[in-house]
Amino acid sequence: MMDPKDHTATERGKDLSHWADHAARRALGSIDDSGPSEITVAAGITPSGVIHVGNFREVITVDLVARALRDQGADVRFIYSWDDFDVFRKVPVGLPAPKMLEQNLRRSVADVPDPYDEHESYAVHFISQFEGSLVPLGIAPEFIRQSERYRAGVYAAGIRKALESREAIRQILNRHRTHPLPEDWLPLAGFCDACGQDEVDFCWPGDWKVEYRCRNCEHEASVDLREGGNIKLPWRVDWPMRWAHEQVIFEPGGKDHSSAGGSYDTGREIVSAVYHGKAPEYVAYDFVRIKGRGGKISSSQGDVVTVQDCLDVYEPEMLRWIFASQRPGSEFQISFDADVIKLYEDYDRARRLAHEAEDGSKADKKRRIARRTFELASVSPCRIEPGSPAPVVPPFRAISVVVQAYDGDLERTVSHFETLGEVHDETQRMLCRERAACCWRWVQNFAPDEFRYRIRKEAVVRTVEGDHRIVLQRLVEALKSLPDGSEADLVPHMKQLCEGTELTLKTFCPLAYDLLVERDHGPKLTTLLTTMGSERALPLLEPSLE
RNA sequence: GGGCGCGUAGCUCAAUUGGCAGAGCAAGGGACUCUUAAUCCCUAGGUUCAGGGUUCGAUUCCCUGCGCGCUCACCA
């Protein structure tokens, strides 16, 4: 724990004013001294199909709070529960082998075969996809698969306690239900050992023994809870049981869990009445919406946008920054359209602000907020010293022009910026390459047409006469006189191109764009010409003069 | 019916636990004898949905109303 009398600690304390810092303080305030020295924060979802960015909000929320807790001196255990012992209730659209999946409904998602035939099960397929996408983001929780826990009998005592308290649980749940649970209700759920389906009726003779009969295949069996098996608690009891089992002190939840009478509400009552525990500190997070993917949605995944889809367009730190900048309760959208440019500009600006030295003015507050947000957004934990140099990366917009001139060649794109003196060392080369890769994927898949161009592969011959011919001739001469000219060298020639003719650059340029990029406008002409180089430009311009 | 959230410039939104209402785009003007998908400077734009309360001070906290969205009352 941090010593509040320590001067630097209290100075530091003023900086810890991000929502994750406040949540961390609340969580620390909720524990008493008798608790374990290590504190547990938790996230978790059901892998019932492709895991999307909306689900990511849960993990990133906990990751940010975990980092905030560590910054306050806590020893943190971050667990991620894969609720893969849940029922496969619905076949998502767009998956392969829909008939096979249809036949596997009502079984545990951990027992449904992988329709892609790549992993041991349906659940594991989507689990490994999602876990893989967390690696570049620096998120590394301890993953727990509930199917394994239940089957190993880890929760035997928790289940037995629920059975012993079944009447209390029934009353708690009934207070929030329209149709009350029957008097003989048992807090049990599970799957038939024979057919794997969840159409099972339970009986509890007492102690550790549970018996069931399958309504589907009429299989009957008796299970000793201590040995584990296909028996679990229903969600509303399962959640509080695991809070107590893991001593979770912070866990967020989506809106569906968060309303009055929802599962957090009943869980809070159950954990206290049955397990003599305490509900974790909680934040409810809102949904993440998607903008600008119209017509580009991958048919194999329905309407779903994954974390990997976001990483295709956004740098890892930037994706973290986007979530760290939004308070959990507010709904926001992740954009794939022209907003991407604006967002990159906002991000670069905020990062410069985060690194600025303080000057005692009121702007310091904004600097502190930006700094703290970037400390939390950083892929690996870091402290930002005011006045320290900010990472240097060329603007996304500039990269979009250059990377298209080089047809997606990242190395040439990077060396272009090196030649311009905007990229200096290996770190900057790496950052530039990473951004160029994102940019190129964006241009190809999502950019609106007005941001895209393609240099002609073969020259087109236009009839060029009169003043247009004169000006084009001058442009060609200018390029020849500057075989490896920089943009600065070319600019003076541009100013003289139209002298003595009826044309202006505005009326001439469409011809040049047509010859070069097959449309009547494009990136700033001098940038385009010097980026593509005379050796590519001249063969496209000259044929129309012959 | 219960709960949560939202309502701020023409548009999209900030204001991070009460401290001079701000950005981007759009609009208008100017600069760089370099086209735009630019860059830089300036201007304008507001009863912060309405009404009340707490406070030295409210976009922020409390109450009421209106409008919008989501969610629970199945399962998870």
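Here the structure is a predicted model, which means the values were calculated and not measured. Side chains included, hydrogens not; waters and symmetry mates left out as well; all remaining heavy atoms used. In the text below, chain A, chain B and the rest are named by the order of the sequence lines, each starting its count at 1.
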For RNA chain B, whose closest nucleotide is more 5', that of A:Ala284 or that of A:Ile341?
-> A:Ala284
So what does A:Phe287 hit on the nucleic acid, given a heavy-atom distance under 4.0 Å: a base, only sugar-phosphate, or nothing?
-> sugar-phosphate
When you check the side-chain N and O atoms of A:Tyr285 and A:Glu58, is any donor under 3.5 Å from an acceptor?
-> yes
Spacing between A:Leu188 atom CG and B:C75 atom C1', to the nearest angstrom = 16 Å
Whole-Å C1' distance, B:C61 and B:G2 | 24 Å
Using a cut-off of strictly less than 4.0 Å, decide whether A:Thr178 has a side-chain nitrogen or oxygen near OP1 or OP2 of B:C74.
-> yes
Provide, to the nearest angstrom, the distance between the CD atom belonging to A:Glu345 and the P atom belonging to B:C40.
-> 9 Å
What is the distance, rounded to the nearest whole Å, between atom CZ of A:Arg107 and atom P of B:A76?
-> 18 Å
Would you check if there is a donor-acceptor pair between the side chains of A:Trp321 and A:Glu317 at a distance under 3.5 Å?
-> no
Could you check whether A:His257 gets within reach of a base, just the sugar-phosphate, or nothing at all, counting any heavy atom under 4.0 Å?
-> base
C1'-based separation of B:G53 from B:A21 [nearest Å] = 22 Å
Between B:C62 and B:U55 - P atom distance, rounded Å | 16 Å
Which is true for A:Arg177 with a 4.0 Å heavy-atom rule: it touches a base, it touches only sugar-phosphate, or it touches nothing?
-> sugar-phosphate
Nucleotide B:A14, atom P - distance to CG of A:Asp346 in whole Å | 12 Å
Between A:Trp440 and A:Gln404, a side-chain donor and acceptor under 3.5 Å = no
Just call it for A:Lys255: base, sugar-phosphate, or nothing, with non-hydrogen atoms closer than 4.0 Å on any strand.
-> base
Out of B:U16, B:A76, B:A14, which has the shortest distance to the side chain of A:Ile369?
-> B:U16
Is B:U8 paired to anything, Watson-Crick or G-U wobble with both distances less than 3.5 Å, and if yes, which nucleotide?
-> none
In whole Å, what is the span from the CD atom of A:Gln404 to the P atom of B:A37?
-> 14 Å
For A:Thr526 and for A:Ser325, locate the closest nucleotide of RNA chain B by heavy-atom distance; then report the residue assigned to the nucleotide nearer the 5' terminus.
-> A:Ser325
Please measure how far the C1' atom in B:A14 lies from the corresponding atom in B:A23, and state the result in whole Å.
-> 7 Å
Indicate whether any N or O donor in one side chain lies under 3.5 Å from an N or O acceptor in the other, for A:Glu269 and A:His176.
-> yes
Considering only B:C72, B:G24, B:A37, which nucleotide approaches the side chain of A:Asp256 most closely?
-> B:C72
With the side chain defined as heavy atoms from C-beta on, A:Tyr453 is closest, among B:C72, B:A37, B:C34, to B:A37
B:C40 and B:U54: how far apart are their P atoms, nearest whole angstrom?
-> 48 Å
Please tell me which of the listed nucleotides, B:C75, B:U16, B:A23, lies nearest to the side chain of A:Trp19?
-> B:U16
Looking for any heavy atom pair under 4.0 Å, which part of the strands does A:Phe332 touch: base, sugar-phosphate only, or nothing?
-> nothing
With both distances under 3.5 Å as the test, what is the Watson-Crick or G-U wobble partner of B:U54?
-> none
Would you indicate what A:His22 reaches in the nucleic acid, counting non-hydrogen atoms under 4.0 angstrom: base, sugar-phosphate, or nothing?
-> base
Does B:G45 have a Watson-Crick or wobble partner in any strand here, with both distances under 3.5 angstrom, and which is it?
-> none
Decide whether A:Gln146 and A:Tyr155 meet the rule of one side-chain donor and one side-chain acceptor closer than 3.5 Å.
-> yes
Sort out the partner of B:G1 for me: Watson-Crick or G-U wobble, both distances under 3.5 Å, none otherwise.
-> B:C72
Is any side-chain N or O of A:Arg327 closer than 4.0 Å to OP1 or OP2 of B:A15?
-> yes
Using the C1' atoms only, state how far B:U59 lies from B:A50, rounded to an integer number of Å.
-> 15 Å
Tell which nucleotide pairs with B:C32, taking only Watson-Crick or G-U wobble pairs whose two distances are both under 3.5 angstrom.
-> none
Looking at every strand, decide which applies to A:Asp286 at a 4.0 Å heavy-atom threshold: base, sugar-phosphate, or nothing.
-> nothing
In whole angstrom, give the distance that lies between atom NE2 of A:His176 and atom C1' of B:G3.
-> 12 Å
Using both distances under 3.5 Å as the test, list the Watson-Crick or G-U wobble partner of B:A15, or none.
-> none
Quantified in whole Å, what is the P atom distance between nucleotide B:G29 and nucleotide B:U17?
-> 41 Å
Out of B:A76, B:G2, B:A14, minimum distance to the side chain of A:Gln326 belongs to B:A14
Can you label the angle between the A:Tyr282 ring and the A:Tyr264 ring as parallel, tilted or perpendicular, going by 30° and 60°?
-> parallel
Nearest-angstrom distance, C1' atom, B:G18 to B:U71 | 30 Å
Which of these passes salt bridge (charged side-chain N to carboxylate O under 4.0 Å, His left out) with A:Lys232: A:Asp238, A:Asp84, A:Asp86?
-> A:Asp86
Evaluate whether atom CZ of A:Arg454 has more than 12 neighbouring non-hydrogen atoms of other residues, nucleotides or ligands under 6.0 angstrom away.
-> no
Rounded to the nearest angstrom, tell me the gap between atom CD in A:Glu199 and atom C1' in B:C75.
-> 13 Å
Rounded to whole angstroms, how far apart are OH on A:Tyr285 and C1' on B:U16?
-> 21 Å
Quick one: is A:Arg236 getting a side-chain N or O under 4.0 Å of the B:A73 phosphate, OP1 or OP2?
-> yes
